[in-house]
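This is a predicted model, so every value here is computed, not measured.
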Amino acid sequence: MITERISSTRHQSALTLFWPMLVIAGLALTLRPTVTSTGPLLEGIRLSTGMGLQAASLLVVLPMLCMGVFPLLLPLIGKHLSENAWITGGLLAIAASGLWRLGLGTGWALIASALIGGTGIAIVQALAPGVVKRWYPQRVPLAMGIYSALLMAGGGIAATLSPVVAQHYGSWQAGLGIWLLLPVVALFLWWLRPSEVMETKHNGVAVNFFKNRRAWLLASYFGLANAGYACMIAFLPTYAHDLGWSAQGSGELIGIMTIFQVLGALGAPALSAHRLDRRPWLFFAVGIQIVGFAGLILMPESLLILWAAMIGGGLGACFSLTLTVALDHLSAPRLAGALTAFVQGIGFIITAIVPYFAGFLREWLGSFQVVWLLLLSTLVAMLVVTMKFVPTGYAKAINLPNT
């Protein structure tokens, strides 16, 4: 009898620990396929629709722009609906985008579907970290690392499998639309999430970070860190195709990059967990990206997989470390959450601008080398900025009362 009771308690404890993470996994996996599935199929899409490379960049730019705008609007519009309503609506928008992609045939319709899907992604992505922190208050670094890794893994899986699906069905629309299944599954898991007492409205923290110089610095840093990711998923498959790679091979290249992103996203928080000064790991994360982009410029054909892997590892580490540094600036959880919302909001707007400008440079000059050189210069600037993230100066730099 006692043994049965102990077994039941352990089973309940394991379920309490792992079931919420399964729900979080469902949310995370939906947040990148809408964006990453287009890159490996871009040549076929452009031939079918007549889209130019700059117009095609909107398939990445618009979702990224949505990811920036929504977190900034959340304090104003979030109070009108509950968290449950927002996340449910976001997942439905992602699913609707995928459903539409199964049958569309024009470039502008595809761009419109990216806008709808991007809006849904922005909603879920803005609210998911708060869910993670609420469900795992004692394991925030680990839980956020898993969330970040799964978010990136979803993008890599979509990039790898979209060409396979498209080839099987003889339709690039099928390769894009198949990913409506993920938000449907995530919606089912969300409806079965652990029960909890919640406020009926989503309430943000009314802090104006627009006049805070350190908040802008963090946001710019985050935006430039993610700009490399946006450009890689937008242009690396086309770049590989120009070097003789097939659509499936270029998708697998994104998959390899994603594997190292996941390793970076999981490894960097774990390795830096025992010291507040994250700069050594940030220097390393930015540095290996510099080597990777330099390799794309100087020796692209022979070592393309190596350069993609190095860039992926650096991107994954930068994503999780930059958000961690932002959280380190403030001890009050709600203020820290508000700061990270601002950082992601402004940051993703910057992220959206870079690939669009890069697409313009590529079409104007006819070479991807200038794109990689642009990203290389931003990474050098990030190395300089990294020196400013001295933990003892966080309170003075952020300059907020009661922090």
>> Determine whether the aromatic ring centres of residues Phe342 and Phe210 are separated by less than 6.0 angstrom.
In response: yes
> Taking side chain as C-beta onward, heavy atoms only, is Trp100 less than 4.5 Å from Ile116?
Replying inline: yes
> Does Ser97 reach the side chain of Ser113, with side-chain heavy atoms less than 4.5 Å apart?
Replying inline: yes
>> Set out, in order, the CA-CA distance, both residues' side-chain angles and the distance that settles side chain to side chain contact (heavy atoms under 4.5 Å, CB included) for Arg101 and Gln173, then state yes or no.
In response: CA-CA 6 Å; Arg101 288 182 167 192; Gln173 289 91 338; 5.9 Å; no
> Considering the options Val131, Leu187, Leu92, which one meets the side-chain contact (heavy atoms from CB on, under 4.5 Å) requirement together with Ile87?
Replying inline: Val131
> What distance separates Ile346 CD1 from Thr351 OG1, expressed to the nearest 0.5 Å?
Replying inline: 11.0 Å
> If you draw a 6.0 Å radius around CD in Glu43, do more than 12 non-hydrogen atoms from other residues or ligands fall strictly inside?
Replying inline: yes
> Between Phe293 and Trp307, does the ring centroid distance fall short of 6.0 Å?
Replying inline: no
> Donor-acceptor pair, Thr378 side chain versus Leu375 backbone, under 3.5 Å?
Replying inline: yes
> Does Tyr229 offer a backbone N or O that forms a donor-acceptor pair with the side chain of Asn226 under 3.5 Å?
Replying inline: no
>> Quick check on side-chain contact (heavy atoms from CB on, under 4.5 Å): which of Thr30, Leu189, Ile123 does Leu91 satisfy it with?
In response: Thr30
> Checking side chain to side chain contact (heavy atoms under 4.5 Å, CB included) for the pair Thr119/Phe70: CA distance, chi angles, key distance, verdict?
Replying inline: CA-CA 8 Å; Thr119 301; Phe70 186 81; 6.0 Å; no
>> If you apply the rule side chain to side chain contact (heavy atoms under 4.5 Å, CB included), what do you find for Val35 with Ile121, and how did you get there?
In response: CA-CA 10 Å; Val35 182; Ile121 292 167; 4.3 Å; yes
> If we only count heavy atoms from C-beta on, is the Tyr221 to Trp216 side-chain gap below 4.5 Å?
Replying inline: no
>> Contact between Ile111 and Met51 at the side-chain level, heavy atoms closer than 4.5 Å - yes or no?
In response: yes
> Has the side chain of Gln261 got a donor or acceptor atom that lies under 3.5 Å from a matching backbone atom of Gly313?
Replying inline: no
> Is there side-chain contact between Leu181 and Ile178, with at least one heavy-atom pair below 4.5 Å?
Replying inline: yes
> Considering only heavy atoms from C-beta outward, does the side chain of Asp328 approach that of Pro391 to under 4.5 Å?
Replying inline: no
>> Is the distance between the ring centroids of Phe357 and Trp364 under 6.0 Å?
In response: no
> Considering all heavy atoms of both residues, which atom of Ala308 and which atom of Met257 are nearest to each other, and what is their separation?
Replying inline: O-CG, 3.3 Å
>> I want to check something: taking the side chain as every heavy atom from C-beta on, are Phe368 and Thr238 in contact at a cut-off of under 4.5 Å?
In response: yes
> Any sub-3.5 Å donor-acceptor pair from Trp179's side-chain atoms to Gly175's backbone N or O?
Replying inline: yes
> What do you reckon, is CZ of Phe188 surrounded by more than 12 foreign heavy atoms closer than 6.0 Å?
Replying inline: no
> Is Thr324 reaching over with its side chain to a backbone N or O of Ser320, donor-acceptor style, under 3.5 angstrom?
Replying inline: yes
>> So, applying side-chain contact (heavy atoms from CB on, under 4.5 Å) with Met310, which one of Leu303, Val291, Ile290 is it?
In response: Val291
> Would Phe319 and Phe222 count as a close aromatic pair, with their ring centres under 6.0 Å?
Replying inline: yes
> Passes side chain to side chain contact (heavy atoms under 4.5 Å, CB included), Leu151 versus Gln125? Steps please.
Replying inline: CA-CA 10 Å; Leu151 182 149; Gln125 182 170 276; 3.9 Å; yes
> Is Tyr239 close to Pro300 at the side-chain level, that is, under 4.5 Å between some pair of heavy atoms?
Replying inline: yes
